[in-house]
Amino acid sequence: MTKVPSVIHWFRLDLRIHDNLALRNAINEAENRKHFLRPVYFIEPDIKSKVGVNRLRFLVQSLQDLDANLKKLNTRLYIIRGNAVEELPKLFDKWQVKYLTSQVDIDPIYTKQDEIIDEIAEKKDIFIVRRVQHTVYDVHSVLKKNNNSVPMTYQKFLSLVQDVQVKDCIEITKQVSEHCKPKDIDSKKYDVPSLNELELDDSALEPLKYPGGETEAVRRLNMYMARRQWVCKFEKPNSSPNTIEPSTTVLSPYISHGCLSAKLFYHKLKEALNGMPHSQPPVSLLGQLMWREFYYTAGAGTENFDKMVGNSVCTQIPWGTNEEHLKAWAEGRTGYPFVDAIMRQLKQEGWIHHLARHMVACFLTRGDLWISWEQGAKVFEDYLLDYDWSLNAGNWMWLSASAFFYKFFRVYSPVAFGKKTDKEGLYIKKYVPELKKYPTAFIYEPWKAPKSVQATAGCIIGQDYPKRIVDHDKVHKDNLQKMSAAYKLNKERKALKRPLK
DNA sequence: GACTCGGTTGGGCAA
DNA sequence: CTTGCCCAACCGAGT
């Protein structure tokens with residue numbers, strides 16, 4: 001008996017049905033050749049060492065939703081427990097795979113997988129189709145347009161994509177035929193894992209504030225796009241980092257997992273803005289999407305983009321190490337209530353406002369603690385629902401004034417910055433409840449409160465809430481000198497590399 | 001080549 | 001209370 005060959009669509013960061021051309025290609029190929037269709041996702045055994053609890057929950061929810069949406073199309077999601085580059089070649093043989101589709105991703109984790117799979121597939125005569133659908137633009141063609149070099153400014157990037165026509169989104173509406181359904185379509189062994197199976201105890205955790213999945217992503221998108229005035233007037237720098245409910249859309253976790261197509265967001269925005277006066281990039285909502293494209297382009301075109309050493313766009317800065325300070329920062333006990341509130345919100349909810357990221361990133365690096373941005377990026381990778389390889393590295397370089405941004409004397413004050421949008425410190429009181437009873441006058445600098453006030457508020461500094469680990473006014477001035485010295489050295493190094501005239 | 005200018009998102013002070 | 005300026009900057013386009 002001859003086995004029926006299979007077509008695989010390999011899901012990674014494209015956990016959706018809408019605007020998924022690679023998936024549609026797989027379906028069509030299976031239909032045309034009467035092959036089996038097998039949409040797969042790999043969960044690595046050591047996933048918990050790489051993905052924090054909140055993001056793991058988000059991922060599981062996204063996979064459950066994806067499986068449900070695939071079932072509506074008369075197919076399903078096959079979850080494979082194991083490492084993709086080990087398991088996929090086994091499936092090639094077991095399932096007689098002839099055709100494989102996936103999405104183009106630029107995170108080195110995925111590009112390395114692609115290289116290995118390409119080589120194996122070629123030997124086995126398997127045809128591979130990969131589609132650009134995680135970004136609005138094909139970042140490699142943008143790089144090519146810029147003479148194969150990285151555009152170092154946002155405006156330069158915009159000029160490169162200005163006249164590029166963005167393709168329409170595609171939809172998949174037709175049901176998959178019965179003859180494309182493998183015999184093992186109902187096998188439980190491919191089911192989406194429960195949190196239990198992943199040994200993830202969420203009984204101690206709050207319910208996820210931003211539930212994962214394409215369905216929620218599209219609902220959220222439509223909800224915001226319906227507020228047309230708000231969309232048209234949106235200006236990121238004028239939104240607040242410390243409101244109790246987010247002042248921005250929080251679509252980022254959905255875009256980073258591919259639950260929402262960036263291209264769909266793009267077209268919906270264009271539709272909303274059409275014929276209305278509206279804000280412009282870089283501050284507009286469309287501008288935010290373009291920042292993502294900018295960092296993707298930079299990340300795709302730069303070796304070691306997520307490191308300082310060996311990274312051609314990154315200024316070399318002699319960061320120090322201080323495990324105690326790093327830990328205090330990550331756990332939200334620096335003694336600066338605004339910084340601690342932000343870090344605790346991040347850990348609890350997996351999302352903080354972009355300007356809040358500025359505050360804590362500046363504090364960890366050039367502002368106060370003089371700790372490498374790579375350390376901060378690792379903590380963000382653990383905590384953020386919207387973790388994204390190129391955006392995380394790019395933004396950390398920006399904030400630490402290592403690349404793209406150079407005005408290092410612009411330092412965020414952990415005392416003054418939050419006051420601009422939250423004089424009362426309500427945000428602090430929510431996330432640092434120890435200070436709940438502090439009078440407004442001391443909420444941003446509780447160490448200044450007299451002992452009697454501390455006692456009345458039920459929170460003694462140095463006992464119930466930490467003393468500040470550094471004196472901002474002093475250290476930020478020392479750090480300015482260090483930054484200046486690092487820039488001078490960098491300039492000299494660059495001059496040496498330039499050919500002599 | 002040398003120069004100017006503008007560029008998402010600071011703080012603090014003088015006027 | 002607002003505005004302008006200063007503080008230790010670099011990239012890229014235009015002239």
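When reading the values below, keep in mind they use all heavy atoms of this one structure, side chains included, and skip hydrogens, waters and symmetry mates. Proteins come first, then strands; the chains are lettered A, B, ... in the order of their sequence lines, and each starts at number 1.
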Problem set entry | A:Lys420, nearest nucleotide to its side chain (from B:dG11, C:dC11, C:dA8) | B:dG11
For this session: Taking only the side-chain heavy atoms of A:Thr153 (C-beta and beyond), determine which of B:dG11, B:dT9, C:dC11 contains the nearest atom.
Result: C:dC11
Exercise. Counting only heavy atoms not in A:Lys233, do more than 12 fall under 6.0 Å of its NZ?
Worked result: no
Exercise. When you compare B:dT8 with C:dC6, how far apart are their P atoms, in angstrom units rounded to a whole number?
Worked result: 22 Å
Exercise. If the P atom of C:dA8 is compared with that of B:dG7, how far apart are they to the nearest Å?
Worked result: 23 Å
Exercise. Say you pick atom P in C:dC1 and the same atom in B:dT9; how far apart are they, in whole Å?
Worked result: 25 Å
Exercise. Do we see A:Trp291 stacking on the base of B:dT8, given a limit of 5.5 Å between centres and 30° between planes?
Worked result: yes
Exercise. Which of these nucleotides, B:dT8, C:dC10, C:dA8, is closest to any side-chain atom of A:Phe408?
Worked result: C:dA8
Exercise. Which nucleotide in the set C:dA9, B:dG11, C:dC11 lies at the smallest distance from any side-chain heavy atom of A:Lys407?
Worked result: C:dA9
Exercise. Within the structure shown, what part of the strands sits under 4.0 Å from A:Phe417 by heavy-atom distance: base, sugar-phosphate, or nothing?
Worked result: sugar-phosphate
Exercise. From C:dA9, B:dT8, B:dG12, pick the nucleotide closest to the side chain of A:Gln288?
Worked result: B:dT8
Exercise. How about A:Phe58 and A:Tyr254: are their ring centres within less than 6.0 Å of each other?
Worked result: yes
For this session: For B:dT8, give its Watson-Crick or G-U wobble partner with both distances under 3.5 Å, or none.
Result: none
Exercise. Looking at the side chain of A:Met152, which of B:dT8, B:dG10, C:dG12 is the nearest nucleotide?
Worked result: C:dG12
For this session: With the side chain of A:Tyr406 defined as its heavy atoms from C-beta on, choose the nearest nucleotide among B:dG11, B:dT8, C:dA9.
Result: C:dA9
Problem set entry | Ring-ring centroid check A:Phe417 A:His358, cutoff 6.0 Å | no
Problem set entry | Whole-Å distance separating the CZ atom of A:Arg366 from the C1' atom of C:dA8 | 12 Å
For this session: Answer with base, sugar-phosphate or nothing: what part of the nucleic acid does A:Tyr487 contact at a heavy-atom distance below 4.0 Å?
Result: sugar-phosphate
Exercise. Among residues 230-253 of chain A, which contact DNA chain C at a heavy-atom distance under 4.0 Å?
Worked result: none
Exercise. What orientation do A:Trp398 and A:Trp291 show, parallel under 30°, tilted 30 to 60°, or perpendicular over 60°?
Worked result: perpendicular
Problem set entry | Watson-Crick or G-U wobble partner of C:dA8, both distances under 3.5 Å | none
Exercise. Just wondering, more than 12 heavy atoms not from A:Gln162 lying within 6.0 Å of its CD?
Worked result: no
Exercise. Looking across every strand, which nucleic acid part, if any, lies under 4.0 Å from A:Lys419 by heavy atom: base, sugar-phosphate, or nothing?
Worked result: nothing
For this session: Go ahead and name the base partner of C:dG14; Watson-Crick or wobble counts if both distances stay under 3.5 Å, otherwise write none.
Result: B:dC3
Exercise. When you measure from the side chain of A:Leu480, which nucleotide among C:dA8, B:dG12, B:dT9 comes out closest?
Worked result: C:dA8
For this session: Can you label the angle between the A:Phe338 ring and the A:Tyr427 ring as parallel, tilted or perpendicular, going by 30° and 60°?
Result: perpendicular
